[in-house]
Peer 1: 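Pasting in a structure now, in structure tokens, and then I'll have a few things to ask.
Because only heavy atoms are used, hydrogens play no part in the values below, and waters and symmetry mates are left out as well, while side chains stay in. Just so it is clear, the structure is predicted and the values come from calculations on it, not from any experiment.
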Amino acid sequence: MLVEDRDGRRGEIDGRGEWPAVLAEARTAIADIALITDADQAVTFVSSSFTAMTGYEPADMVGRNCRLLQGPGTDAGTPHQMREVLAAGEVFEGEILNYRKDGSAFWAALKIVPMRVGDSLEVTHYVSVQRDISNRVALLKQLEAQAVHDHVTGLPNRIAAERAVEEAVQRSPETDLTVAVGLIDLDDFRIVNNTLGHAAGDVVLQQWATRVLARLREGDVLARMGGDEFLLILGNIARATSDEDLPGILNRLHETVEEPFTVDGRQVRIGMSMGIALVPEDGTDSRSILRSTDEALYLAKGRRNDGVSWWETAAYAQSQSLLDSTTADAVGSRDAGMYRSALRSGNILVHFQPIVDLRDGSIALFEALARLELPGGRIAFPDEFLSHLSTENLRVLFDHVLDRALGLIAGWDRAGVPPNVAVNLPPEILHDRTLPALVGRMLHTHGIEPGRLGLELLESQTMVLETQRAALQELAGLGVRLAMDDLGSGYSSLQRLSSFPFSAIKLDRGLFMHVYDRPLETLSVMATLIQMGRDLEMTVVIEGLEDESLTEAATILGAPLGQGYYFAKPMDLEDCGRWADSFDPNLHRSSIRTPLGALAYHWQFARLAAPHPLELEHCPLTRFVRSIGTTSEAEPWHALQHSAQQMHPASSQYLIQWLTEQIHAPGPQNSQQEAHLESR
């Protein structure tokens, strides 16, 4: 057979010339070529790399079928698929579990290529290319386990817990058996973290989990939902005697906190409270069951010092809720009249809070926020009064706030300062088809370009009707910017983002409230949503930037805009100018100053298995690590992240753990700011 090289030289591979020797050397040199077989798949050639990989010498393999590599545990589906593909004369690619000559297992990435030598139309040989991918598969298995397990206790995590609840409610209900789902909260655990530190708290969680697992029955599940909250699933509970059987099981579980825990020679005591629901008596889907357990837990914690019981049932919580709602209706009716009276009297205040461009530190716009002044001078915020207002009331409130906001732009324009503004738009008033025309008239009256006005639509279950969609389309047609507000507050829907004409999304502060307890998970959520905004070509605003740490992390992860008390509280119109004059646009542009910012910087590369791009001495993380002082371990771990030759996943993980410990360590730079209750 003649072959031709890329320079046009021809040669023979049938025994004459130099090609047989060249091919022999090539087969030896190319480590991935493992085997060559004939048409019957009997081995005719074994490479040195195959011998190194498996321990089988050529004498062990020649003339035999390579099925001898398969053993216990080999997925039967893969060899079956391989046979079908090869029988069709096509190339097979897949991953297969094989066994070495010494009996040890390894995963191989396998590619088998049919060959037709000479003029044959039939397959005459097969060339097998193999690579040992055991390390990669092991890592993937490890990552899969980490994805559904809590790294502190080793218990299933929230993802696995929610799956387990879903499975429990989807099983065909047994006539005589039920499943109990409990939500457990550890009482006084926060005191342990605050006084002894998070490391001590982790030890207590581990000891408590071990005690609980020792008291569970086969098939029961304990999972960590996050922080000091755990999910318990008790299966195979006799329906007829559940009221008698459950107390015995739960009393045994309470024994886990009746003896103190020992941490570094010190004794620590905690308690626990639980809300428990039955499937399907208290819910027929996972969401309703978890809501029932949460409501019952709230009651249990409210009376945890009465010494009666450490748990409460969802059935009792529901009966109390019905009783309370009767009283609440009477109180709500009185409050609604007070709020509507303030609205009719024109006692509407408008405060403004700046939104800052995190990319250059400039002021992007001001959000107009409504308040009501009540008798006696008390100021009511939207979370308090919005639910008591009718659609007509909401329209009056919107008209007033919009007029004030556009007046702000006009006044500042005359002063030579051109801000943009955003106004909250209640979804309920979108049914009024005169709304777009009103907005257009107000823009014209104040002489404002439409693009300088943003309307922020709060997520709501009511955002589904075509009339709302048509109104939003008309507003967008005016040139007004539309944003979905508080994404993640309860009704998130990617379908809404794509079907409504939004140009921006605002991420609800609740998404980041556990950033100091679960920093990696929070940073992952933030980065994912920022990337989603890029993919959808929408501007992303991070709400709730209350301190330097979270602001720095959001900036590092590429958030375009930010809003929160770190920059400014909502303020009167008169104070906006003074604040703008004193605002330092470079406030956030300094080098890394906080552990959370440092973790965000490293994690953005670690999640992609990418080295740090700057030289070590110019890396902002270098200055931060050295500033901490305890750098004997962290400095070399960080230095390895600047190696371009190979990745160092172990040192990267060590660095992540060290930075997380710095976040958890007590100190003024890590203390979370006092919660701000002035809601919008």
Side-chain angles (χ1 to χ4, degrees), residues 140-185 209 212-213 216-239 242 245-246 249-250 253 272-298 300 311-315 317-318 321 459 461 487-496 508 510-511 514 518 520-522 524-525 528-529 532:
L140 288 174
K141 298 290 185 184
Q142 179 183 354
L143 292 175
E144 289 173 1
Q146 291 175 350
V148 294
H149 284 82
D150 171 54
H151 72 280
V152 173
T153 62
L155 296 173
N157 64 10
R158 176 185 290 273
I159 296 173
E162 291 175 348
R163 289 177 185 170
V165 175
E166 191 69 37
E167 292 172 1
V169 298
Q170 286 183 351
R171 291 194 205 106
S172 299
E174 300 284 348
T175 56
D176 56 346
L177 296 177
T178 185
V179 176
V181 179
L183 191 62
I184 299 174
D185 186 90
V212 174
L213 290 174
L216 293 181
R217 306 162 305 154
E218 184 177 357
D220 293 342
V221 175
L222 178 68
R224 187 182 182 192
M225 299 293 280
D228 58 357
E229 195 171 80
F230 294 80
L231 188 85
L232 177 69
I233 300 179
L234 303 173
N236 298 324
I237 303 294
R239 190 182 304 277
S242 60
D245 296 342
L246 273 175
I249 298 173
L250 300 181
L253 292 182
M272 62 184 188
S273 303
M274 180 175 68
I276 195 164
L278 299 180
V279 180
E281 289 86 342
D282 299 316
T284 56
D285 59 80
S286 60
R287 179 173 294 183
S288 62
I289 283 293
L290 291 174
R291 183 172 59 247
S292 296
T293 61
D294 191 59
E295 292 169 353
L297 174 61
Y298 178 80
W311 77 89
E312 190 51 83
T313 64
Q318 185 176 13
S321 177
E459 278 195 292
Q461 288 177 313
L487 183 73
S489 61
Y491 305 108
S492 301
S493 170
L494 292 178
Q495 183 178 3
R496 287 174 182 165
D508 182 67
L511 291 168
H514 295 296
R518 302 192 292 272
L520 272 184
E521 293 89 335
T522 304
S524 178
V525 169
T528 299
L529 293 176
M532 182 186 72

Peer 1: For Asp282, does its backbone N or O pair with a side-chain atom of Ser292 as donor and acceptor, under 3.5 Å?
Peer 2: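 Yes; at least one donor-acceptor contact below 3.5 Å.
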
Peer 1: Search all heavy atoms of Glu229 against all heavy atoms of Leu183 and return the closest pair with its distance.
Peer 2: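 Smallest interatomic distance, heavy atoms only, reads CG-CD1, 3.8 Å.
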
Peer 1: Any side-chain heavy atom of Leu216 within less than 4.5 Å of one from Leu234?
Peer 2: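 Answer yes - side chains close enough.
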
Peer 1: For Asn236, enumerate each residue passing the side chain to side chain donor-acceptor pair (under 3.5 Å) test, keeping only those at least two apart in sequence or located in another chain.
Peer 2: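 Testing Asn236 for side chain to side chain donor-acceptor pair (under 3.5 Å), a comparison that skips the adjacent residues, returns none.
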
Peer 1: If you define the side chain from C-beta out and look only at heavy atoms, does anything of Glu281 sit under 4.5 Å from Arg239?
Peer 2: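 The answer is yes; the side chains approach within 4.5 Å.
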
Peer 1: Can you measure from OG1 (Thr178) to CG (Leu278) and round to the nearest 0.5 angstrom?
Peer 2: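 One finds 4.5 Å between OG1 of Thr178 and CG of Leu278.
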
Peer 1: Looking only at heavy atoms, which two atoms of Ala161 and Met225 are closest? And how far apart?
Peer 2: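 So the minimum-distance heavy-atom pair works out to CB-SD, 3.7 Å.
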
Peer 1: Quick test of your reading of the model: are Arg158 and Glu162 salt-bridged, counting only N-O distances below 4.0 Å?
Peer 2: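 Yes, charged N to carboxylate O under 4.0 Å.
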
Peer 1: State, to 0.1 Å, how close Val279 and Ala168 come at their nearest heavy-atom pair, and which atoms those are.
Peer 2: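 Heavy atoms only, the tightest pair is CG1-O, 4.2 Å.
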
Peer 1: Check Ala238 against Asp245 and note the closest heavy-atom contact, atom names and distance.
Peer 2: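 Scanning both residues, the minimum pair turns out to be CB-OD2, 4.0 Å.
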
Peer 1: Is any side-chain heavy atom of Ile249 closer than 4.5 Å to one of Ile237?
Peer 2: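 Result yes, sub-4.5 Å side-chain heavy-atom pair found.
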
Peer 1: If you compare all heavy atoms of Ala296 against all heavy atoms of Gly275, which two are closest, and at what distance to 0.1 Å?
Peer 2: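 Shortest heavy-atom contact: CB-CA, 3.5 Å.
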
Peer 1: State, with a plain yes or no, whether a side-chain heavy atom of Ile276 is found less than 4.5 Å away from one of Leu250.
Peer 2: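 With C-beta onward as the side chain, the pair touches.
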
Peer 1: Quick one: pull up CZ in Arg291 and CG in Asp285 and give me the separation to the nearest 0.5 Å.
Peer 2: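 Between Arg291 CZ and Asp285 CG, I get 7.5 Å after rounding to 0.5 Å.
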
Peer 1: So how far is it from Trp311 CH2 to Leu297 CG, rounded to the nearest 0.5 Å?
Peer 2: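 Going from the CH2 atom of Trp311 to the CG atom of Leu297 covers 14.5 Å.
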
Peer 1: Sequence neighbours excluded, which residues qualify as side chain to side chain donor-acceptor pair (under 3.5 Å) partners of Thr528?
Peer 2: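 Residues passing side chain to side chain donor-acceptor pair (under 3.5 Å) with Thr528: none at all.
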
Peer 1: Distance from Met274 atom CE to Thr313 atom OG1, nearest 0.5 Å?
Peer 2: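 Rounded to the nearest 0.5 Å, the CE-OG1 separation comes to 10.5 Å.
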
Peer 1: Tell me the closest heavy-atom pair linking Ala277 and Thr293, and the distance in Å.
Peer 2: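 Answer, listing the atom of Ala277 first, then Thr293: CB-CG2, 3.7 Å.
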
Peer 1: Side chains of Ile184 and Val212: closer than 4.5 Å at any heavy-atom pair?
Peer 2: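 No. Closest side-chain heavy atoms not under 4.5 Å.
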
Peer 1: Counting C-beta onward and ignoring hydrogens, is there a side-chain heavy-atom pair between Leu511 and Leu529 closer than 4.5 Å?
Peer 2: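 Heavy-atom side-chain distance check passes, below 4.5 Å.
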
Peer 1: Can a donor-acceptor pair be found, under 3.5 Å and without considering hydrogens, that links the side chain of Ser524 to the backbone of Leu520?
Peer 2: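 Answer holds: no.
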
Peer 1: Mark yes or no for whether Asn157, through its side chain, and Ala160, through its backbone, hold a donor-acceptor pair below 3.5 Å.
Peer 2: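 Here the side-chain-to-backbone pair exists.
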
Peer 1: Going by side-chain contact (heavy atoms from CB on, under 4.5 Å), name the residues that satisfy it together with Thr153, two or more places apart in sequence or in a different chain.
Peer 2: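 With sequence neighbours excluded, Thr153 shows a side-chain contact (heavy atoms from CB on, under 4.5 Å) to Asp150, Leu155, Leu205, Ala209, Arg224, given in chain and number order.
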
Peer 1: Does some side-chain heavy atom of Leu231 sit less than 4.5 Å from a side-chain heavy atom of Leu290?
Peer 2: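 Yes; the side chains approach each other to less than 4.5 Å.
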
